[in-house]
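All values reported here derive from a predicted model rather than from experimental measurement. Below, chains carry the letters A, B, ... as their sequence lines are ordered, and counting in each starts from 1.
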Amino acid sequence: PHFIIQVRGKKDAICFNIDEEPGTVLRLIQDPITGLTVNGQIIGDQGNSSNSKNRKTYLGKVGIVNSPMDLRIEVTTEKITLHNGAAQSTFSWLDTVTVTSERFSVKINREATVVSFGKGITFKVILHQVWKKHHIHLHFLGFYVLDSDKMSTKSHGLLGQFFRPLAFQVSDLNPGNDPSKIHATMLVKKHRLAVTRGYQKDYRKDVHNGTQVGCWFVHNNGQGVIDGVHSDYIVSDLF
Amino acid sequence: SRGMEEATRLPTQADDIEVYSTKVSCKVTSRFAHNVVTTRAVNRADAAKEVSFDVELPKTAFITNFTLTIDGVTYPGNVKEKEVAKKQYEKAVSQGKTAGLVKASGRKLEKFTVSVNVAAGSKVTFELTYEELLKRNKGKYEMYLKVQPKQLVKDFEIEVDIFEPQGISMLDAQASFITNDLLGSALSKSFSGKKGHVSFKPSLDQQRSCPTCGDTLLNGDFIITYDVNRESPANVQIVNGYFVHFFAPQGLPVVPKNVVFVIDISGSMYGRKIEQTRDALLKILEDIKEEDYLNFILFDSDVTTWKDTLVQATPENIQEAREFVKNIRDRGMTNINDGLLTGISMLNKAREEHTVPERSTSIVIMLTDGDANVGESRPAKIQENVLSAIGGRFPLYNLGFGNNLNYNFLESLALENDGFARRIYEDSDANLQLQGFYEEVANPLLTSVEVEYPENAILDLTRNTYQHFYDGSEIVVAGRLVDEDMNNFKADVKGHGALTDLTFTEEVDLKEMEKALQEQDYIFGSYIERLWAYLTIEQLLDKRKNAHGSEKENLTAQALDLSLKYHFVTPLTSMVVTKPEDSDNQMAIADKPGEGPEESVTAAIAYQTSYQPPSSPYYYVDGD
């Protein structure tokens, strides 16, 4: 799956891919202050799974945990399940439903599930649907943190670590053969990284078409821009 | 559901009257069932003979038509206001011209009977049509047909076509009399996508109780059950400006209950009734969930409580409750008022003192087998007291055990407190009836359910607020659109769940919907409009039970108007079969029996007089 990091204080973005086996669960956010944890499980195309180079991977399941509330929300491409203590509520992506309690709300419609906690912390999970009978591609999910400034700067995880300011500089811009893919050098976290200008799509506002976002693509599973290496973020299960 | 039988009134005539065809045709579209029972018979005797036509149909059904065809001449039925029909009927009776039809009540069914004298060599065709909305109970819809022909029928068939726009998820048909493979092969059932089909066509040989026997083994219950796919919690259908909204969410946690059982232990409960009550309560205790709270209030001349307050259904408390229930004994008289008020007060107090979970719901279940005869025994005063004590906060369910009670009172009492009444029939399975009732209300998934539509877009809405939504049931709301040409509308269903509040939103594209439904040849006519009329009448009649004065008059007028417009035989109307060229020459037929004494008297009237020439028959269908 692709990760897009809109860097605070800069009108620019960093992006990277994490290439892992389908079934792998990645820690996206862990915020010790709010008690929120978000993990995502990877799914892969149904095509040639032996050829990992050609295989595309996506988020297939998202698990959101709010420990203080004893609340777990599991979003898959088929259903949305709320585990509220021992009680469990299950909804389909065909439902249009708003679930509200004093401490959180979940809004589900056929395109997105929006989970909000208290004042301002909001996650949006988008369902990307492919043609039902497509023999290769699967439905997949997109996960967005809205108003990430409401999250604590002590957060970590593949996304969480970017909830605090990140300084980077880009230099040595080199147009290369393809003018749309400018190569450059990024100085970030005391690393000098070879990056490529690319475009990803942000589907928060337009679920069907998305909005083009220009970003500096960091190769090798985001190595250098993420703390440690990507395998540090692999966890054993969704919750 | 319905049953049917053909019979000559005198056994000796059986061979003279040949019932050569009986067909039951059911078309169910979106839970709304339109059923036609047709029977053809011929009199092979040398003299005129009498032929009876009996059909058992569900109490919840409304007859919509009955026609009689004698030697090719058809006499259609007309629905008239009951009083008008009654006068015509009485006039006919006074002239000695009646042949009659009676309906009597049973557990689930009521009986439609008509007899007619048929000239030698003549043929007669009876055709009865009735409609009902199938209600979802414990996760399925059920059609109940009583099959009981009195003789072998050459051409016997039951054909059921079901069309459900949501798609059918399961379909089954079972008959209590199918005990061998031979008869089983006459039954076929299938479903695919939106369509389901059940057919039962036993040949003459298959109907015989033994290879050489002349009597039939077709005698018993024929039950069709099905359910629909529920990919989404709601489904809205619109045809010709009328809409119906089905709502049955799944996958929600059960809301914890605070349940008070108010049990009559008066002397009349002596013997099997008290034993069955104990059995049922012990079974119910097994099903109570640990997060629920409960108490038992026993009433005879006085009131006894198991605990002073509601207690949680912990394993220890349940064990203690079992011991308490095992020791319930009958005694004394019947103090319904104090029994109920004690239970209600306990629930109110628990809520006020926060001794039950904030997000829980309260239920009172009362079981009684008789009328109040000690303490406050005036029904109207008890109703007033209970209504005031509950104050709309929770529902009251009344179970009337046996026949020696004022069921109308129990029903009124329950209806005005957002519950309903149920009869428990004195029979070997009374404990199962009690337990079955509890299972229906054991799993509330939502409380304070409100279905909202855009203001100014909807007219003539049926009931749209419910205290509870129970797992396995379904909420049905129907109405009329102000503007048939509107393109879309939105419906919100709001309710309180076990831990959260929920709002389900359904957006409907009217044009798409109408197009999709029009493509289906399974749909009979304006089924949504009739479904709406059926529901509206049913609800008006319920409201009428507790109304007085001008409000009652107004509700009666509305229900009567709709009954006449949509040709429904309801408690307010009668159906009269008239010889077309002679409007005076009529005969009264059926009655729709209620549960109360007044209706029972009416229902019990049977008229049967001497032979009338077939050229001037008159019949009367009554609904009370």
Next on the checklist: Tell me if a side-chain donor or acceptor on Thr29(B) pairs with a main-chain N or O of Phe32(B) at a distance below 3.5 Å.
Outcome noted: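 No, Thr29(B) side chain to Phe32(B) backbone: no donor-acceptor pair under 3.5 Å.
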Item to check | Donor-acceptor pair, side chain of Asp418(B) and main chain of Gln467(B), under 3.5 angstrom | outcome: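 No; judged by distance alone, with no hydrogens or angles, the pair does not exist.
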Checklist entry - Can you find a heavy atom in the side chain of Phe243(B) that is under 4.5 Å from one in the side chain of Gln237(B)? => result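 Heavy-atom side-chain distance check fails, nothing below 4.5 Å.
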Checklist entry - Would you call Lys195(B)-Glu164(B) a salt bridge at under 4.0 Å N-O? => result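 Judged by the 4.0 Å cut-off on N to carboxylate O distance, Lys195(B) and Glu164(B) do not form a salt bridge.
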Next on the checklist: For Lys138(B) and Glu439(B): C-alpha separation, side-chain torsions, deciding distance, then whether salt bridge (Lys or Arg N to Asp or Glu O under 4.0 Å) applies.
Outcome noted: CA-CA 8 Å; Lys138(B) 296 180 193 171; Glu439(B) 283 167 8; 3.2 Å; yes
Which donor-acceptor pairs sit under 3.5 Å apart between chain B and chain A?
from	atom 1	to	atom 2	distance (Å)
Glu231(B)	O	Ser92(A)	OG	3.2
Gly251(B)	O	Thr90(A)	N	2.6
Asp501(B)	N	Thr100(A)	O	2.6
Asp501(B)	O	Thr100(A)	N	2.6
Asp501(B)	O	Thr100(A)	OG1	3.4
Thr503(B)	N	Thr98(A)	O	2.7
Thr503(B)	O	Thr98(A)	N	2.7
Thr505(B)	N	Thr96(A)	O	2.6

Checklist entry - Which class fits the ring pair Phe117(A) and Phe123(A): parallel under 30°, tilted 30 to 60°, perpendicular over 60°? => result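 Ring orientation, 0 to 90° scale: perpendicular.
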Item to check | Pick from Pro253(B), Ala498(B), Gly497(B) with the largest number of heavy-atom pairs that fall under 4.5 Å of chain A | outcome: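 The candidate making the most pairs under 4.5 Å is Pro253(B).
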